[in-house]
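Data block below; observations after.
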Amino acid sequence: TPCDKRNETMKRIIEPIARQLRSARASAFFERRIRRLVWEALGAAAYAVGVYTFASHANFAPGGVTGLGVILNYLLHVPIGTTALVLNIPIVLISLKYLGKRYLLRTFQTLLISALFMDLIIPCFPHYAGSPLLAALFGGGLSGLGLALIYNAGSCTGGSDLVIMSLRKLRPHLSLGQITLMIDGSLIVLGAFVYNNIDAVLYGILFTLVSTFVIDRLMDGFAGGKMALIISRQNRQIAQRIQGDLNRGVTLLKGEGMYTGAQRDVLMCACARAQLPFIRRIVSDCDPETLLIVLDYNEVRGKGFSPHGE
């Protein structure tokens with residue numbers, strides 16, 4: 001019938017398009033997985049260098065389950081990465097409730113990559129045998145770099161990191177660095193008894209402080225920026241210049257001066273750090289008497305920024 005022929009024609013047209021869409025989605029998914037795997041591998045390599053090359057050969061424990069692996073390596077000569085992997089199994093199971101199966105499978109993948117670098121690849125290269133102070137500084141910096149890359153890829157290195165990410169779900173106002181510092185302290189103190197040296201605690205604290213600083217700076221750097229609050233008599237002109245010159249959105253807020261009771265408009269603009277000097281110049285050109293307040297923000301999601309759900 002004509003109706004059947006029409007349906008058959010539509011089916012022949014639609015099926016190739018549907019196949020192309022499915023292929024494009026599969027290709028994009030594969031690219032995301034590869035990109036994430038590369039970031040995890042780079043992070044695991046930097047983390048392994050920080051722990052194995054610097055900390056483990058300077059006789060101090062950096063904290064966390066990996067730090068416990070360093071202590072057991074010192075006492076029993078067992079491999080650090082494999083030991084951390086085994087110790088992480090019960091923690092992974094406990095964290096399943098808070099973080100979900102997909103996240104923990106990704107974490108287990110990161111643990112395997114980290115163990116591979118820690119036990120097989122990085123030991124093939126010379127380790128640092130110089131000043132423990134420099135070992136704590138550079139080891140902490142590389143460890144923080146590696147952890148920030150791994151966190152940004154949506155994973156972690158297990159152990160106390162899983163506890164950290166679980167607490168992050170329950171207490172989102174705490175920074176990753178702050179939680180890391182609180183949890184890792186107990187294992188750092190244990191190093192004093194193992195190495196029979198109070199310096200082991202001091203170097204472990206320094207390692208963790210540097211790692212904490214790098215984690216927070218890099219995590220903020222991935223998604224952070226500046227927010228400008230502008231109070232001026234030339235708000236409209238300033239907003240038009242920001243929108244036109246910088247292609248940045250501006251929001252108009254209604255405010256009231258508590259001393260005078262006067263109604264004032266307030267412009268709010270979230271921007272990248274590199275765009276802030278241009279906003280200062282625009283404000284200065286339009287109204288030198290403008291009140292400009294600059295704030296740091298750690299994260300903005302929505303149109304023009306990071307998408308929701310990532």
Side-chain angles (χ1 to χ4, degrees), residues 41-88 110-111 113-151 156-161 163-164 176-218:
L42 290 173
Y47 182 66
V49 171
V51 173
Y52 180 87
T53 304
F54 288 96
S56 68
H57 289 89
N59 290 342
F60 66 84
V65 171
T66 303
L68 184 57
V70 170
I71 290 174
L72 292 176
N73 172 262
Y74 176 80
L75 295 174
L76 306 175
H77 305 290
V78 292
I80 298 172
T82 304
T83 302
L85 180 63
V86 172
L87 293 174
N88 269 299
T110 305
L111 282 168
I113 297 172
S114 181
L116 175 67
F117 277 101
M118 194 86 70
D119 295 341
L120 298 178
I121 298 177
I122 301 303
C124 295
F125 298 91
H127 64 266
Y128 179 74
S131 166
L133 176 61
L134 293 178
L137 291 173
F138 284 91
L142 286 167
S143 173
L145 170 63
L147 288 174
L149 292 174
I150 290 170
Y151 290 153
C156 73
T157 56
S160 61
D161 290 342
V163 181
I164 289 166
L176 292 171
Q178 289 171 340
I179 303 172
T180 302
L181 191 59
M182 289 187 293
I183 292 176
D184 287 350
S186 57
L187 278 168
I188 292 174
V189 172
L190 180 62
F193 301 98
V194 173
Y195 297 107
N196 196 27
N197 188 348
I198 191 63
D199 286 349
V201 176
L202 301 179
Y203 291 136
I205 291 173
L206 181 59
F207 181 102
T208 304
L209 286 173
V210 173
S211 179
T212 297
F213 177 80
V214 173
I215 289 171
D216 281 345
R217 290 303 94 197
L218 290 180

Please report the C-alpha distance between T66 and T83 in whole Å, then the side-chain angles of each, then the deciding distance to 0.1 Å, and finally whether the side chain to side chain contact (heavy atoms under 4.5 Å, CB included) criterion is met. CA-CA 8 Å; T66 303; T83 302; over 6 Å; no
Closest heavy-atom pair, A115 versus T82, reported as atoms and distance to 0.1 Å, is CB-N, 4.3 Å
Compare all side-chain heavy atoms of P132 with those of D199 and state whether any distance is below 4.5 angstrom. no
Sorted by chain and number, sequence neighbours left out, side-chain contact (heavy atoms from CB on, under 4.5 Å) with I121 holds for L116, F117, F125
To the nearest 0.5 angstrom, please state how far the CD1 atom of I215 sits from the CG atom of L145. 10.0 Å
Test item: N73 side-chain N/O and P79 main-chain N/O as donor-acceptor pair under 3.5 Å: no
Would you say D119's side chain and G81's backbone share a donor-acceptor pair under 3.5 angstrom? yes
Just wondering, more than 12 heavy atoms not from Y128 lying within 6.0 Å of its OH? yes
Measure across A136 and L206 and return the closest heavy-atom pair with its distance rounded to 0.1 Å. CB-CD2, 3.9 Å
How far apart are the closest heavy atoms of L111 and L85, and which atoms are they? CB-CD1, 3.6 Å
Hey, what's the ring geometry for F54 with F138, parallel, tilted or perpendicular (30° and 60° as the breaks)? parallel
Enter the distance from L149:CG to L218:CG here, rounded to the nearest 0.5 Å. 7.0 Å
With side chain to side chain contact (heavy atoms under 4.5 Å, CB included) as the test, would you mind laying out the steps for N59 and N197 before giving the verdict? CA-CA 9 Å; N59 290 342; N197 188 348; over 6 Å; no
Compare every heavy atom of I80 with every heavy atom of S56, then report the nearest pair and how far apart it is. CB-CD1, 3.8 Å
T110 side chain vs I150 backbone, donor-acceptor pair below 3.5 Å: no
Straight-line distance of I198 CD1 to L202 CG, nearest 0.5 Å: 5.5 Å
Taking the six-membered ring for Trp and the full ring for Phe, Tyr or His, determine whether the centres of Y195 and F60 are under 6.0 Å apart. no
Within the side chain of S143, is there an N or O that forms a donor-acceptor pair under 3.5 Å with the backbone of G139? no
Go through the steps for S114 and Y47 under the test side chain to side chain contact (heavy atoms under 4.5 Å, CB included), then give the verdict. CA-CA 8 Å; S114 181; Y47 182 66; 4.0 Å; yes
Return yes if some donor-acceptor pair links the side-chain N/O of S211 with the main-chain N/O of F207 below 3.5 Å, else return no. no
Start with the C-alpha gap between H57 and Y52, add the side-chain angles, then the distance that decides, and say whether ring-ring contact (aromatic ring centres under 6.0 Å, His included) holds. CA-CA 7 Å; H57 289 89; Y52 180 87; 4.9 Å; yes
Heavy atoms of V210 and G140 approach each other most closely as CG1-C, 3.7 Å
Smallest heavy-atom separation, L120 atom then C124 atom, equals O-SG, 3.1 Å
List in chain and number order the residues that pass side-chain hydrogen bond (donor to acceptor under 3.5 Å, both in side chains) with S131, two or more places apart in sequence or in another chain; answer none if no residue qualifies. none
